Amino acid sequence: MTAPVFVVDSLDLPDGCGGELVLDGPEGRHAVSVKRLRAGEDVVLTDGRGRWAEGIVKAAEGKDRLVVMDLETVHEEAPAEPRITVVQALPKGDRGELAVETMTEVGIDAIVPWAATRCITQWKGDRGLKALAKWRATAREAGKQSRRTRFPEVADAATGKQVAALLAKADFAAVLHESGDETLATAELPAAGEIVLVVGPEGGVSPEELALFREAGAGAYRLGPSVLRTSTAGTAAGALLLGRTGRWS
């Protein structure tokens, strides 16, 4: 899929529209004023939840209206198997958005922000809500840029106990940690179901958290000989899992 992707609220086109849809607001502005799309160019419209349709630009009007035609067939992308969720400890500064951006680009299905004990950054009150909104906006924009039609879900920030509950339900659960005797590259992975991977903060997963997660069924695994920052570990590990499960085949 090489045509630029734009997000719409719904692809349920009303009767009598003739397969046409007007893209306006921020998406229309981006299409007309930033991408400078013109009549005859191909586009893809998606709801970000797996439904998408190919269309052709009929006209660009003003600075923020794009008329798209020939939206005759709406496709449905099935959820990928196995589903891969990354529990991401909160990094400092804008490294959280970097982690979300790159994990979205490689194909991670869900991202769970985690307020680990050793996180310097803590999401509280309005600041936390703004940070979560940034992560979700980043996933949306990265999903468009990487031509995805099913964007990753970014959950509410989780506590350690909530992460443990998520791990207990997984078909394969792992914590990236130097204490692991096995590498993620050699772990036995399921062909379907849910894979949940925990990425700790720069200060590492605390012994108490590691014990809690092990009790929930998550093993400790090493990624490789080098030490990755928390903002890149999830992307590297996710790419490895996507390749090993055949989702990149």
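Both backbone and side-chain heavy atoms feed into the values below; hydrogens, waters and symmetry mates do not. Computed from a prediction, not measured in an experiment: that's the story for all the values here.
Glu209 and Ser206 share a donor-acceptor pair across their side chains, judged by distance under 3.5 Å alone. Remark: the Thr149 side chain and the Glu77 side chain contain an N/O donor-acceptor pair separated by less than 3.5 Å. Between the side chains of Thr186 and Thr183, at least one donor N or O lies within less than 3.5 Å of an accepting N or O. Under 3.5 Å, the side chains of Thr230 and Gln88 contain a donor-acceptor pair of N or O atoms.
The ring pair (Phe, Tyr, Trp, His ring centres under 6.0 Å) analysis of residues 172-210, with sequence neighbours excluded, yields the pairs Phe172-Tyr221.
Taking each heavy atom of Ala233 and Leu228 in turn, the nearest pair found is CA-CD2, 3.9 Å. Shown here for Val5 and Arg148, the closest heavy-atom pair between the two residues is CG1-O, 4.0 Å. Closest non-hydrogen pair, Pro4 versus Asp42, comes out as CD-O, 3.5 Å. Heavy atoms only, all atoms of each residue included: Val68 and Gly55 are closest at CG1-CA, 3.9 Å.
Comment: Asp156 engages Arg136 in a salt bridge, judged by a side-chain N to carboxylate O separation of less than 4.0 angstrom. Note on Arg140 versus Glu27: salt bridge recorded, some NZ/NE/NH1/NH2 to OD/OE distance being below 4.0 Å. Ion pairing between a basic and an acidic side chain is recognised when a charged N comes within 4.0 Å of a carboxylate O; Glu194 and Lys169 show no such pairing. A salt bridge does not link Asp171 with Arg83: every distance from a Lys NZ or Arg NE/NH1/NH2 to an Asp or Glu carboxylate oxygen is 4.0 Å or more. By the 4.0 Å N-to-carboxylate-O rule, Glu202 lies close enough to Arg229 to be salt-bridged with it. Of the charged side-chain nitrogens involved, none lies within less than 4.0 Å of a carboxylate oxygen, so that Arg150 and Asp109 do not count as a salt-bridged pair. Ion pairing between Glu41 and Arg38 fails under the 4.0 Å rule for side-chain N and carboxylate O.
When the side chains of ILVMFWY residues are joined at heavy-atom separations under 4.5 Å, either directly or via intervening members, Val154 and Ile195 end up in a single hydrophobic cluster. Cluster membership for Val87 and Leu90, using ILVMFWY side-chain heavy atoms within less than 4.5 angstrom, is not shared. Tracing side-chain contacts under 4.5 Å through hydrophobic residues (I, L, V, M, F, W, Y), one never reaches Val196 starting from Leu184; they form parts of separate clusters.
You'll find the ring centres of Trp123 and Trp114 outside the 6.0 Å limit.
Within the 3.5 Å criterion, the main-chain N or O of Val7 finds no donor-acceptor partner in the side chain of Thr46. Side chain of Arg29 to backbone of Lys63: no donor-acceptor contact under 3.5 angstrom is found.
Looking at residues two or more places apart in sequence or on another chain, you find no salt bridge (Lys or Arg N to Asp or Glu O under 4.0 Å) involving Lys35.
Within a 6.0 Å radius of CG in Leu129, more than 12 heavy atoms belonging to other residues, nucleotides or ligands are found.
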